[in-house]
Structure formats: C-alpha cells, structure tokens
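Just so you know, residue 1 is the first one in the sequence shown, and it goes up from there.
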Amino acid sequence: MSKACQLFSGSSGNSIYIGNNSGGVLVDIGVSARRCEYALNRIGVSPESLKAVFVTHEHSDHISGIRVFASKYKLPVFAAPETLEEMMRTGTVNEKVNGFEINKALDLDGFGVEAFRNSHDSSACIGYKFTMPDGRKISVCTDTGYVTDDAKKTLAGTDMIFLESNHEISMLENSAYPYILKKRILSAKGHLSNFAAGEFMKELLQSGTTRFVLSHLSRENNMPEIARQNAVSALDEIGAAENSDFRLYVSKPENDEGLIVL
C-alpha cells in the first residue's frame, strides 16, 4: 500500500516522505540530517529503506540537510539540471553525493517519477508526480507563484497532492513585511495563496484527486484554520463535502502524527 507524510513544512524547513512497505523516497531535506532521521524513525520508516532524494529547488529550506543525509545513506539525489548545477557550485552536492539530472520522467525501482515546472525565484523549480507500484499517484506542488500549465497537465488525476497554500492575501498585504518582500511573495515567481490553492483544488477534485495536504503555510501570513476553511469553502462551491468526497490535511511545521495511507 502507498503512504506519505509531510515531515517538515514551511520556511523553517521542508521534507516529504512518499513510499510503501518496500521502501520510499524523500522530496527535499530542508532540516538537519539528524532531525530528518528522527522524523523518519518516528513514523516507523528506516532511513536505510530509502531509494533516493528528489529536490524541488535550491533554497536552503529545501536542501540544507541533503549533503550529510545523502552521503551517509548513499542515496542518489535528483534535481533539475539548473538546480543541480547550483547545488554543485555551493557544495551541497560534492564528491560524496551522487547527483543526477531529471528533466521529465524516470523509473526508480518500480516508482514512476514525472517532473513538472513550477514558477519560483530560484534557478529552476520543479514538482513531482510519483506513480506507485500499486498504481496510486502521489504528487508534490509547492513553491510556485501560480499553477503552471505544465503542472495542470501533469497533475490531473493524481490521487493525493501536497499543495502549497502559503498565505492569506489580506494578511500578507497588512503584515509588517517590507514592501519588496510582499511584492516577491505575491509575484508570479513567489508563493501560492490560499485562494489560488483553493481554485486549483476544484480542478484537481474534478479530475479524481481525493486527498489534499495543504503545505508550506506561512507562520506570519496564514493560519491553519484559515487555510483549511478556504479549501473547504472552495470545494463546497462545486458540491464536494469533506470526508465524503475528499480528505483534507494541513501540514504542521513539524509532523507529530503518522503516515497517510492510501
């Protein structure tokens, strides 16, 4: 059976586990290797069972633990060519880490992996759709200013998605953030708002998605209950009811629950 868990979420660090009883992968490691190990053990996953690490982009809250963790467990690291080049330049990928480019799709020990382009202020930013051995599809779409056409095409029909719901627009506009930072977050290369996430969730639900995990919430410009209510209200607009037509989860900065089993 397929299962997944948001181990860490937000500007303090991000990492997602996706796997089954025979092993799994991580998407990003934006915390220390030790914290990642502890989080995996807490949900009953051995780091030795992992097959690879997939990177969305090179910002520190997504890659800070990769070099130590990947070298310790001899894991291949996959990233977009531009991201891999930047990680090599900064030493995140070195002679102790096997880095590989991913442009579109690959097969990894029965895990089908398809990458798609997001829009973010990094050298490149990609999301992933994993087709599991049991046929289930689990996807990650975070750190994007808007939902790209590539994302929409790739993600249609995914069973489960970790979807960015970063900020409530009115909270951000009225926050103490400097104007330049507000402008960055709200831009086409910034972060997805609650409203934008809700609008995309309507499309996803109608294509067959039944499990949504709201991810990368801002601690300053969002609240879990606001993000949740926005998502529920958006799906209510198309007649969908929580726990009947879909299940909704809101990621915490650090997971204190268990795996989500499909």
query = Which is it for Ile138 and Ser2 under the side chain to side chain contact (heavy atoms under 4.5 Å, CB included) test, yes or no, and what are the steps along the way?
reply = CA-CA 9 Å; Ile138 303 175; Ser2 298; 4.1 Å; yes
ask   = Quick one: CG on Leu248 to CG on Leu214, what's the gap to the nearest 0.5 Å?
value = 5.0 Å
ask   = Minimum heavy-atom separation for Glu48 to Ser46, with atom names?
value = OE1-OG, 2.6 Å
ask   = Does any non-hydrogen side-chain atom of Val68 lie less than 4.5 Å from one of Ser32?
value = no
message = Can you tell me how the ring of His216 sits relative to the ring of His191, calling it parallel under 30°, perpendicular over 60° and tilted otherwise?
response = tilted
inquiry  = How close do Ser119 and Ala188 get, counting heavy atoms only, and between which atoms?
reply    = OG-O, 2.5 Å
request  = Apply side-chain hydrogen bond (donor to acceptor under 3.5 Å, both in side chains) to Asn118 and list each qualifying residue two or more places apart in sequence or on a separate chain.
outcome  = none
request  = Could you tell me whether the side chains of Asp28 and Ser15 share a donor-acceptor contact shorter than 3.5 Å?
outcome  = no
inquiry  = Quiz question: by atom type and distance under 3.5 Å, do the side chains of Thr148 and Asp150 form a donor-acceptor pair?
reply    = no
query = Less than 4.5 Å apart, any side-chain heavy atom of Thr210 and any of Arg247?
reply = no
inquiry  = Please determine whether the number of non-hydrogen atoms from other residues, nucleotides or ligands lying under 6.0 Å from atom CZ of Arg35 exceeds 12.
reply    = yes
request  = Could you verify whether a donor N or O on one side chain and an acceptor N or O on the other, from Asn98 and Lys74, lie under 3.5 Å apart?
outcome  = no
inquiry  = Checking the side chain of His120 only, and the main-chain atoms of Gly190 only, is there a donor and an acceptor separated by less than 3.5 Å?
reply    = yes
Euclidean distance, Ser207 OG relative to Lys152 NZ, rounded to 0.5 Å = 12.0 Å
Hydrophobic cluster identity match, Val140 and Ile102, side-chain contacts under 4.5 Å = yes
message = To the closest 0.5 Å, what do you measure between CZ (Arg211) and OG1 (Thr209)?
response = 11.0 Å
Between Ser123 and Glu85, a side-chain donor and acceptor under 3.5 Å = no
query = Between the side chains of Tyr177 and Glu220, is a donor N or O closer than 3.5 angstrom to an acceptor N or O?
reply = yes
ask   = Within a strict 4.5 Å, meaning less than it, do heavy atoms of the Leu163 and Thr142 side chains meet?
value = no
ask   = Between Tyr17 and Val25, is any pair of side-chain heavy atoms under 4.5 Å apart?
value = no
ask   = Strictly by modelled atom types, are Ser218 and Asn166 linked by a side-chain donor-acceptor pair under 3.5 Å?
value = no
task = Would you kindly say whether Tyr73 and Glu37 are connected by a side-chain donor-acceptor distance under 3.5 Å?
result = yes
task = Would you give the length of the straight line joining atom CD1 of Ile16 to atom CG of Leu7, rounded to the nearest 0.5 angstrom?
result = 8.5 Å
message = To check you understand the geometry: which heavy-atom pair defines the closest contact between Leu192 and Glu164, and what is its length?
response = N-OE1, 2.8 Å
ask   = Can you name the nearest heavy-atom pair linking Asp159 to Gly135, along with the distance?
value = OD2-O, 4.2 Å
ask   = Between Met160 and Arg136, is any pair of side-chain heavy atoms under 4.5 Å apart?
value = no
message = Could you tell me if the side chain of Phe212 sits less than 4.5 Å from the side chain of Leu235, heavy atoms only?
response = yes
inquiry  = Is there a path of hydrophobic side-chain contacts, each under 4.5 Å between heavy atoms of I/L/V/M/F/W/Y residues, joining Ile169 to Leu181?
reply    = yes
request  = Check step by step if side-chain hydrogen bond (donor to acceptor under 3.5 Å, both in side chains) holds for Asp143 and Thr56.
outcome  = CA-CA 8 Å; Asp143 293 79; Thr56 59; 5.2 Å; no
query = Quick one: are Ser251 and Leu217 in side-chain contact, heavy atoms under 4.5 Å?
reply = no
query = Between Ser11 and Asp61, does a side-chain hydrogen bond (donor to acceptor under 3.5 Å, both in side chains) hold up when you go through it step by step?
reply = CA-CA 6 Å; Ser11 58; Asp61 57 324; over 6 Å; no
key: From NE2 (His62) to OG1 (Thr92), nearest 0.5 Å   = 13.5 Å
query = For Phe69 and Pro47, which heavy atoms make the closest approach, and how far apart are they?
reply = CZ-CB, 4.0 Å
query = Do the charged groups of Asp149 and Lys153 touch, with an N to O distance under 4.0 Å?
reply = no
query = Judged by atom type as modelled, is there a donor-acceptor pair below 3.5 Å linking the side chain of Asn41 to the main-chain atoms of Gly44?
reply = no
query = Has the side chain of Asn14 got a donor or acceptor atom that lies under 3.5 Å from a matching backbone atom of Gly30?
reply = no
query = Ignoring hydrogens and geometry, is there a side-chain-to-backbone donor-acceptor pair from Lys129 to Ala115 under 3.5 Å?
reply = no
message = Parallel, tilted or perpendicular: which one describes the rings of Phe78 and Phe54, with boundaries at 30° and 60°?
response = parallel
task = Indicate yes or no: at least one non-hydrogen side-chain atom of Phe116 is less than 4.5 angstrom from one of Ile126.
result = no
Side chain to side chain donor-acceptor pair (under 3.5 Å) pairs, two or more places apart, involving residues 231-245 = Lys202-Glu237, Arg228-Glu242, Gln229-Ser233
remark   = CG of Leu155 to CD of Glu114, rounded to nearest 0.5 Å, is 9.0 Å
key: Non-hydrogen atoms of Ala4 and Ile18 that approach each other most closely   = CB-CG1, 4.1 Å
task = Report yes or no: do Glu168 and Asn222 form a side-chain donor-acceptor pair below 3.5 Å?
result = no
ask   = Going hydrophobic residue to hydrophobic residue with side-chain gaps under 4.5 angstrom, can you get from Leu75 over to Met88?
value = yes
key: Sequence neighbours excluded - salt bridge (charged side-chain N to carboxylate O under 4.0 Å, His left out) pairs with any residue from residues 177-192   = Asp121-Arg184
